[in-house]
Undergrad: 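Shown below is the structure under consideration.
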Amino acid sequence: MTEPFTRVAALPDHVGETVTLNGWLYNARGSKGLRFLELRDGSGLVQVVVNQEAVGEASWEAAASLTQESAFRVVGEVRADERQEGGVEVQAASVEVLALAEPYPITPKEHGVEFLMDRRHLWLRSRRQWAAMRVRNRIIMAIHGYFQGEGYVQMDAPVLTGNAVEGTSTLFELDYFDEPAYLTQSGQLHGEAMAMAHGKIYTFGPTFRAEKSKTRRHLTEFWMIEPEMAFYDLDMNMDVAEELLAAIVEAVTADCQPELAILERDVDALRASAQTPFPRLSYTEAVDLLTSDATQLMLDAEQEGLEDERHALEQERDQNRQAHGQAKKGEKRRIDAREIEINVRLDEIAEGLRNVPQWKASAAAFEWGADFGGSDETILTRHYTTPIIVHRYPAAVKAFYMKRDPEDDRLALGMDVLAPEGYGEIIGGGERATDLDFLRQQVEAHGLPESAFDWYFDLRRYGSVPHAGFGLGLERTVAWVCGLPHVRETAPFPRLLGRLHP
RNA sequence: UCCUCGGUAGCUCAGUGGUAGAGCGUUCGACUGUUAAUCGAAAUGUCGUAGGUUCAAAUCCUACCCGGGGAGCCA
């Protein structure tokens with residue numbers, strides 16, 4: 001529709017024209033007779049220049065009265081200006097206050113995690129959070145674009161279920177008219193039913209895990225994309241996962257340059273991630289790599305690097321502290337800010353130095369048959385620059401519905417995609433078991449109630465065919481693409497252990 | 001559940017037994033091109049809570065509360 005005002009993002013197309021802008025004050029600077037207002041309207045940021053001599057008394061006082069996050073309207077001329085980030089600024093003809101804001105808690109300075117999470121509803125307005133949500137949006141569109149282009153049908157799995165797919169300890173249970181029900185952990189079983197109706201489908205919806213995990217990779221509520229394809233085997237499944245991730249990275253690097261710049265994402269490293277094919281290691285090969293001399297050498301090098309960095313930082317901090325006494329005010333401020341930076345990094349290094357020896361020991365002692373821990377996955381990915389695919393895990397560590405490897409009965413035809421740069425598992429999936437008797441045995445062996453799976457067994461009774469699929473964790477993918485250290489910044493209102501508000 | 005780090009001004013943090021500190025933010029003042037503007041001045045504290053040791057505790061000890069990171073589990 002046609003709007004009666006202009007969006008900041010569209011300003012480069014209106015140079016020389018007079019426009020009306022509606023927005024909020026992101027920050028302000030000024031001197032006598034001249035004020036610079038940073039206007040934020042959701043589509044971007046632009047600097048509005050208010051010259052006392054060029055506007056009326058009312059506009060000048062309106063501009064002077066604006067507090068951070070006050071809503072205001074500006075009418076002014078768009079001018080090209082090389083000094084500005086978007087290449088334009090607006091010379092105000094009039095400024096009108098729409099709503100003065102009370103003192104705003106989130107200043108353009110640094111804040112702690114708890115403080116910001118308690119104000120997530122306001123934090124969303126900040127630049128980095130804004131950029132991350134824009135990238136999330138682009139990723140979502142890229143996922144739909146890929147699947148729709150390949151002929152998949154998007155279908156929704158139920159959120160409320162009676163089935164526990166992978167154990168009951170991590171389910172949110174609720175009362176469904178006097179019957180126990182659960183929030184879904186995965187749409188996969190229903191996805192298989194839908195694939196038998198439509199051939200290729202994907203679900204895109206929320207999933208819930210009541211895991212008491214407090215780590216940078218876990219949410220209790222997260223969005224999962226689960227394609228399921230009839231007549232696909234494990235190799236075809238891996239092809240889909242690889243193409244999907246490459247399409248996501250391609251879309252974001254093509255369309256989200258400004259957002260990635262705000263996030264200070266290393267775009268070259270991200271582009272390298274899109275290079276297909278991704279290395280594919282069997283579980284057995286991955287175990288060999290994990291227990292190899294190459295892994296030990298890599299970790300030794302990492303430890304030395306951390307120790308060198310710690311030494312250099314400690315020297316710098318001592319020198320800064322000596323200089324602090326005679327420093328001028330501005331210099332003191334710089335030294336204080338640097339001290340905080342150094343302390344944060346030293347804490348990270350200390351944690352790394354505690355971790356690396358444990359990682360070394362656990363990697364060297366790893367025995368075939370166990371599942372990979374978080375550190376093992378990190379070590380595997382550090383050997384590569386792109387995501388890697390690990391396939392054919394021991395059946396004992398995988399879900400009951402996985403098909404066995406016909407060449408080795410100990411193995412399941414499962415696969416995980418591990419993202420580079422320490423982001424870890426973003427995809428898990430595999431080829432599904434097709435044989436009814438085998439599935440019955442598996443349900444019993446896993447101690448699951450057979451009655452709850454009767455409808456699922458129907459899929460094997462009525463035209464069972466080879467099929468495969470996987471689940472992609474949206475928030476982990478966003479974290480990786482944005483280079484964010486924690487999944488809590490990848491969802492508008494993340495739900496974590498101990499975090500239900502706002 | 002376990003391990004580990006932390007809680008000091010509105011915010012981010014220094015301060016490790018001897019008078020409670022800095023920067024930012026806020027308020028006031030200066031400044032016509034600033035980019036987290038700059039410069040000057042002012043106000044701002046239950047040092048997480050409760051006990052204990054001591055002439056003296058933000059600092060040492062104990063318990064508890066809250067938060068960060070990690071293990072297990074997983075996307």
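A note on names: the letters A, B, ... follow the listed sequences, proteins ahead of strands, and every chain is numbered from 1. Because the structure is predicted, anything quoted here is derived from the model rather than measured.
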Undergrad: How are the rings of A:F204 and A:W223 set relative to one another: parallel (under 30°), tilted (30 to 60°) or perpendicular (over 60°)?
TA: tilted
Undergrad: Which of parallel (below 30°), tilted (30 to 60°) and perpendicular (above 60°) describes A:Y152 and A:Y146?
TA: tilted
Undergrad: Under 4.0 angstrom, heavy atoms only, what part of the nucleic acid is A:I427 near: base, sugar-phosphate, or nothing?
TA: sugar-phosphate
Undergrad: Using atom P in both nucleotides, what's the gap between B:U27 and B:G18 to the nearest angstrom?
TA: 37 Å
Undergrad: Using atom CG of A:D118 as one end and atom C1' of B:G68 as the other, report the distance to the nearest whole Å.
TA: 13 Å
Undergrad: Would you mind reading off the distance between A:Q84 atom CD and B:G33 atom C1', rounded to a whole angstrom?
TA: 9 Å
Undergrad: Are A:R138 and A:E259 within salt-bridge range, i.e. N to O under 4.0 Å?
TA: no
Undergrad: Whole angstroms only, please: what is the CD-P distance between A:E114 and B:G10?
TA: 15 Å
Undergrad: Given B:G33, B:C74, B:G72, which nucleotide is nearest the side-chain atoms of A:Q91?
TA: B:G33
Undergrad: B:C28 and B:U19: how far apart are their C1' atoms, nearest whole angstrom?
TA: 29 Å
Undergrad: Round to the nearest Å and state the distance from A:Y104 atom OH to B:U26 atom C1'.
TA: 17 Å
Undergrad: Can you find a donor-acceptor pair, distance only, under 3.5 Å between A:Q47 side chain and B:U34 base?
TA: yes
Undergrad: Rounded to whole angstroms, how far apart are CG on A:D376 and C1' on B:A71?
TA: 12 Å
Undergrad: Are A:E221 and A:R209 ion-paired here, with the side-chain N under 4.0 Å from a carboxylate O?
TA: no
Undergrad: Just to confirm, is there a sub-4.0 Å distance from OP1 or OP2 of B:G70 to any side-chain nitrogen or oxygen of A:R216?
TA: yes
Undergrad: From B:G33, B:U32, B:C74, pick the nucleotide closest to the side chain of A:N51?
TA: B:U32
Undergrad: What distance, rounded to whole Å, do you find between the two P atoms, one in B:G70 and one in B:U16?
TA: 29 Å
Undergrad: If you draw the axis of the six-membered ring of A:W123, does the NZ or CZ of A:R119 fall within 45° of it and under 6.0 Å from the ring centre?
TA: no
Undergrad: Return the nearest nucleotide to the side chain of A:R217; candidates are B:C74, B:G25, B:A75.
TA: B:C74
Undergrad: Mind checking the C1' distance from B:C60 to B:G40? Whole angstroms is fine.
TA: 43 Å
Undergrad: For B:G69, give its Watson-Crick or G-U wobble partner with both distances under 3.5 Å, or none.
TA: B:C3
Undergrad: So A:G424, base contact, sugar-phosphate only, or nothing? Heavy-atom distance under 4.0 Å.
TA: nothing
Undergrad: In the structure shown, which nucleotide is the Watson-Crick or G-U wobble counterpart of B:A22, with both distances under 3.5 Å?
TA: B:U12
Undergrad: Taking only the side-chain nitrogens and oxygens of A:H218, find out if one of them lies under 4.0 Å from OP1 or OP2 of B:G70.
TA: no
Undergrad: In whole angstrom, give me the gap between the P atoms of B:U49 and B:C66.
TA: 15 Å
Undergrad: Do other residues, nucleotides or ligands put more than 12 heavy atoms under 6.0 Å from A:E243 CD?
TA: yes
Undergrad: If I pick the P atom on B:U8 and the same atom on B:A58, what distance separates them, to the nearest angstrom?
TA: 15 Å
Undergrad: Work out how far the C1' atom of B:U62 is from that of B:U26, and round it to whole angstrom.
TA: 40 Å
Undergrad: Taking any strand in view, what nucleotide pairs with B:U59 in a Watson-Crick or G-U wobble way, both distances under 3.5 Å?
TA: none
Undergrad: Any carboxylate oxygen within less than 4.0 angstrom of a Lys/Arg side-chain nitrogen, looking at A:R125 and A:E69?
TA: yes
Undergrad: Nearest to the A:R476 side chain among B:C74, B:G33, B:G25, which nucleotide is it?
TA: B:C74
Undergrad: Counting only side-chain heavy atoms from C-beta out, which of B:A75, B:C11, B:C31 sits nearest to A:S31?
TA: B:C31
Undergrad: In the strands shown, is B:C64 matched to any nucleotide by a Watson-Crick or G-U wobble pair with both distances under 3.5 Å, and which?
TA: B:G48
Undergrad: Which sits closer to the 5' end of RNA chain B, A:E221 or A:R488, going by the nucleotide each is nearest to?
TA: A:R488
Undergrad: With sugar-phosphate meaning primed atoms plus P, OP1 and OP2, does A:E89 contact a base, only sugar-phosphate, or nothing at under 4.0 Å between heavy atoms?
TA: base
Undergrad: State the pairing partner of B:U53; accept Watson-Crick or G-U wobble contacts with both distances under 3.5 Å, and report none otherwise.
TA: none
Undergrad: Side chain of A:H111, heavy atoms from C-beta onward: which of B:C11, B:C73, B:G33 has the nearest atom to it?
TA: B:C11
Undergrad: Take A:R499 and A:S213, find for each the nucleotide of RNA chain B with the closest heavy atom, and name the residue whose nucleotide sits nearer the 5' end.
TA: A:R499
Undergrad: Send over the distance from A:E69 CD to B:G25 P, rounded to a whole Å.
TA: 16 Å
Undergrad: Just N and O in the side chain of A:K214: are any of them under 4.0 Å from OP1 or OP2 of B:G68?
TA: yes
Undergrad: Round to a whole Å and report the spacing from CD of A:E53 to P of B:C31.
TA: 14 Å
Undergrad: If we call it a pair only when both distances are under 3.5 Å in a Watson-Crick or G-U wobble match, what pairs with B:A36?
TA: none
Undergrad: Once you apply the 3.5 Å cut-off to both distances, tell me the Watson-Crick or G-U wobble partner of B:A41, or none.
TA: B:U27
Undergrad: Side chain of A:V113, heavy atoms from C-beta onward: which of B:A75, B:G68, B:U34 has the nearest atom to it?
TA: B:G68
Undergrad: Of the options B:A75, B:G68, B:U32, whose atoms approach the side-chain atoms of A:K32 most closely?
TA: B:U32
Undergrad: Flag as yes if A:F36 stacks onto the base of B:G33 (centroids under 5.5 Å, planes under 30°), otherwise no.
TA: no
Undergrad: Salt bridge or not for A:R382 and A:E421, using N-O below 4.0 Å?
TA: no
Undergrad: Using a heavy-atom cut-off of under 4.0 Å over every strand shown, decide if A:F222 touches base, sugar-phosphate, or nothing.
TA: base
Undergrad: Can you measure A:R29 atom CZ to B:C24 atom P for me and round it to whole angstrom units?
TA: 16 Å
